[in-house]
Amino acid sequence: KFIMTTTFDTTRYQDKATIQRLLHNAKTIAIVGLSSNVLRASYFVGAYLQSHGYRIIPVNPRESEVLGEKSYETLMDVPVAIDVVNVFRAPAALPDIAKDAVAIKASSLWCQFTVINEHGALIGEKGGLSVIMDLCIKVEHARYIGRMHWLGFNTNRITSVREGLQ
């Protein structure tokens, strides 16, 4: 049995270059826990990403359709290739989600704020996934691509390049 440590440092799963690469290269994002409730953070994030050109695949057994897309019970049921598995679930669910993300050959596992589980991160890493943890994909998109930097926020990126990273 895996034992969680209380000193787990998520900063190793918050690499700026990895975040930018994932955001620039991803086309299809499966959101595990996506809700049709417009007041839920998962819905807001999904709608934002969809409005910025990403294909959103809802994964939630309680939903039939969200944001105009068919919802699937599990990642294993999704019939298309997934670039990013974005997780809006309790941390305890992460190891099983990470196993499924590896099994479907997703390229990355993105765990939203407070979705922190060391074992889940290690499963993803060992399975070849890029893992981002304890960050919001919408906030990071706005920081690096969505022009948040035009408002004066420090994005820690100085460039005139508006396309992808070289």
Side-chain angles (χ1 to χ4, degrees), residues 10-36 40-61 63 65-91 93-148 155-157 163-166:
T10 59
T11 56
R12 75 181 265 198
Y13 299 109
Q14 299 176 348
D15 178 70
K16 292 173 185 143
T18 301
I19 290 167
Q20 291 175 43
R21 178 179 49 79
L22 294 178
L23 292 171
H24 281 287
N25 295 330
K27 305 264 185 280
T28 304
I29 302 174
I31 303 182
V32 180
L34 180 56
S35 171
S36 62
R40 303 286 305 223
S42 64
Y43 183 90
F44 183 74
V45 168
Y48 172 88
L49 293 171
Q50 193 177 57
S51 75
H52 282 83
Y54 296 98
R55 178 168 182 205
I56 300 303
I57 306 292
V59 179
N60 187 336
E63 301 286 356
E65 182 179 292
V66 184
L67 297 169
E69 295 280 350
K70 175 182 170 32
S71 184
Y72 297 90
E73 286 197 27
T74 70
L75 284 170
M76 303 299 281
D77 299 323
V78 178
V80 297
I82 301 295
D83 298 313
V84 178
V85 173
N86 183 225
V87 183
F88 277 92
R89 290 283 315 278
L94 193 57
D96 288 337
I97 294 167
K99 287 175 192 169
D100 285 354
V102 169
I104 66 166
K105 297 179 174 40
S107 12
S108 61
L109 178 67
W110 191 303
C111 309
Q112 289 292 135
F113 288 133
T114 73
V115 182
I116 301 168
N117 184 300
E118 184 174 9
H119 186 49
L122 292 173
I123 290 168
E125 259 185 324
K126 288 180 181 176
L129 304 181
S130 297
V131 178
I132 303 297
M133 187 167 281
D134 198 28
L135 290 175
C136 176
I137 193 169
K138 183 231 173 278
V139 171
E140 298 308 309
H141 181 275
R143 177 188 320 274
Y144 295 114
I145 300 170
R147 309 301 187 240
M148 184 185 273
T155 61
N156 295 309
R157 183 174 184 213
E163 300 303 315
L165 298 175
Q166 270 88 45

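Every heavy atom of this structure was used, including side-chain atoms; hydrogens, water molecules and symmetry mates were not.
- The backbone N or O of Ser42 sits nowhere less than 3.5 Å from a side-chain atom of Ser35 that would complete a donor-acceptor pair.
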(request) Could you please spell out the steps behind the side chain to side chain contact (heavy atoms under 4.5 Å, CB included) verdict for Asp134 and Gln14? (result) CA-CA 8 Å; Asp134 198 28; Gln14 299 176 348; 3.8 Å; yes
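- Counting heavy atoms from C-beta on, the side chains of Phe88 and Arg40 never come closer than 4.5 Å.
- Atom CD1 of residue Ile29 and atom CG of residue Leu34 lie 11.0 Å apart, to the nearest 0.5 angstrom.
- Screening Leu135, Leu94, Val32 for a side-chain contact (heavy atoms from CB on, under 4.5 Å) with Cys111, the sole residue that qualifies is Leu94.
- Between Leu75 and Val85, some side-chain heavy-atom pair lies under the 4.5 Å cut-off.
- Under the 3.5 Å distance criterion, the side-chain polar atoms of Gln50 are matched with a main-chain donor or acceptor of Leu67.
- A donor-acceptor pair under 3.5 Å is absent between the side-chain atoms of Asp100 and the main chain of Ile97, judged by distance alone.
- Nearest heavy atom pair, residue Gly46 against residue Ile56, reads O-CG1, 3.6 Å.
- From Leu23, atom CG reaches atom NE2 of His52 across 11.0 Å, with rounding to the nearest 0.5 Å.
- Under the side-chain contact (heavy atoms from CB on, under 4.5 Å) criterion, Ala98 pairs with Leu109, Ile123, sequence neighbours left out.
- Residues Glu65 and Ser36 form no side-chain contact, since every pair of their non-hydrogen atoms from C-beta on lies 4.5 Å or further apart.
- Using a distance-only test at 3.5 Å, with no hydrogens or angles considered, a donor-acceptor pair links the side chain of Asp83 to the main chain of Thr28.
- Although no hydrogens or angles enter the test, the distance criterion places no donor-acceptor pair under 3.5 Å between the side chain of Ser130 and the main chain of Ser108.
- Taking the side chain as every heavy atom from C-beta outward, Val45 and Cys136 approach each other to under 4.5 Å.
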(request) Could you please spell out the steps behind the side chain to side chain contact (heavy atoms under 4.5 Å, CB included) verdict for Ile132 and Glu140? (result) CA-CA 11 Å; Ile132 303 297; Glu140 298 308 309; over 6 Å; no
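- In this structure, Ala26 and Val84 approach most closely via the heavy-atom pair CB-CG2, 3.7 Å.
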(request) Determine, stepwise, if the pair Tyr48 / Val139 fulfils side chain to side chain contact (heavy atoms under 4.5 Å, CB included). (result) CA-CA 10 Å; Tyr48 172 88; Val139 171; over 6 Å; no
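- The NE2 atom of His141 sits 11.5 Å away from atom CD of Gln20, with the distance rounded to the nearest 0.5 Å.
- Distance CG/Leu22 to OH/Tyr144: 11.5 Å, rounded to 0.5 Å.
- In this structure, the side chains of Met133 and Val115 stay at 4.5 Å or more apart for every pair of heavy atoms.
- Within the 4.5 Å cutoff, no side-chain heavy atoms of Tyr13 are placed close to those of Thr18.
- Pro79 is listed as a side-chain neighbour of Tyr72, based on a closest heavy-atom distance under 4.5 Å.
- Atom CZ of Phe113 has more than 12 neighbouring heavy atoms from other residues, nucleotides or ligands inside a 6.0 Å radius.
- Looking at every heavy atom in both residues, Glu73 comes nearest to Pro61 through O-CD, 3.6 Å.
- Between Asp96 and Lys99 there is a side-chain heavy-atom pair separated by less than 4.5 Å.
- Between Glu63 atom CD and Glu69 atom CD the span is 13.5 Å, to the nearest 0.5 Å.
- We find the CG-CD1 distance between Asn86 and Ile137 to be 5.0 Å, quoted to the nearest 0.5 Å.
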(request) Test side chain to side chain contact (heavy atoms under 4.5 Å, CB included) on Val80 and Ile57 and set out the steps. (result) CA-CA 9 Å; Val80 297; Ile57 306 292; 4.1 Å; yes
